[in-house]
Amino acid sequence: MSEQSIASARASVMVYDDVNKKWVPSGTSSGLSKVHIYQHTVQQTFRVVGRKLHDHEVVINCAILKGLKYNQATATFHQWRDNKHVYGLNFSSKEDADQFARAMFHSLEVL
Ligand SMILES: CC(=O)N[C@@H](Cc1ccccc1Cl)C(=O)N1CCC[C@]12C=C[C@@H]1CC[C@@H](C(=O)N3CC[C@@H]4C=C[C@H]5[C@H](C)C[C@@H](C(=O)O)N5C(=O)[C@H]43)N1C2=O
């Protein structure tokens, strides 16, 4: 198994709708997902993958690129941009948020 999970947290995964200036759930419906940071052990790359708890729909699958700015807007709402989207994770607890952020900052350090 070349990818290992270095963090998993419960969060509702959102993307920012630039046109209507509001956050919308990523995927077909709102709800909690299990969001992982996977480390590719050979390539030394990292990505965020999230799947809905109830039907395992993949609602986020994005690379963590060197220089990514991870913004902890509140204790339980963290966000970042890539060239296409702004992602928001609305964590179900502060502990989940802290655990995920620690792994994200670790990934950004080793990239
Ligand atoms: C330079 C730059 O890109 N800056 C970005 C942020 C950033 C910085 C650095 C690196 C990367 C990024 Cl991404 C930015 O500022 N962006 C990105 C798009 C949107 C926004 C722009 C304006 C608004 C204004 C307010 C705030 C917002 O959206 N916030 C505040 C917390 C609050 C928490 C929860 C969610 C809740 C789930 C629903 C909703 C609710 O509470 O109803 N809501 C919110 O309202 C959430 N904005 C932003 O974050």
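All ligand and atom numbering here is 1-based and tracks the order in the structure.
- Between the side chains of Gln72 and Gln79, no donor N or O sits under 3.5 Å from an acceptor N or O.
- Taking a 6.0 Å sphere around NZ of Lys21, one finds it holds more than 12 heavy atoms contributed by other residues, nucleotides or ligands.
- Criterion: ILVMFWY side-chain heavy atoms under 4.5 Å apart, direct or through other members. Under it, Leu65 and Trp80 are not part of a common hydrophobic cluster.
- Annotation: side-chain contact (heavy atoms from CB on, under 4.5 Å) contacts of Glu95 (sequence neighbours excluded): Ser93.
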Mind listing the N or O contacts between ligand 1 and protein, cut-off under 3.5 Å?
from     : atom 1 : to    : atom 2 : distance (Å)
ligand 1 : 3 (O)  : Arg81 : NH1    : 2.5
ligand 1 : 28 (O) : Trp23 : NE1    : 2.7
ligand 1 : 49 (O) : Gln79 : NE2    : 2.8

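- For the residue pair Thr28 and Lys52, no side-chain donor N or O sits within less than 3.5 Å of a side-chain acceptor on the partner.
- Tyr70 and His78 share a donor-acceptor pair across their side chains, judged by distance under 3.5 Å alone.
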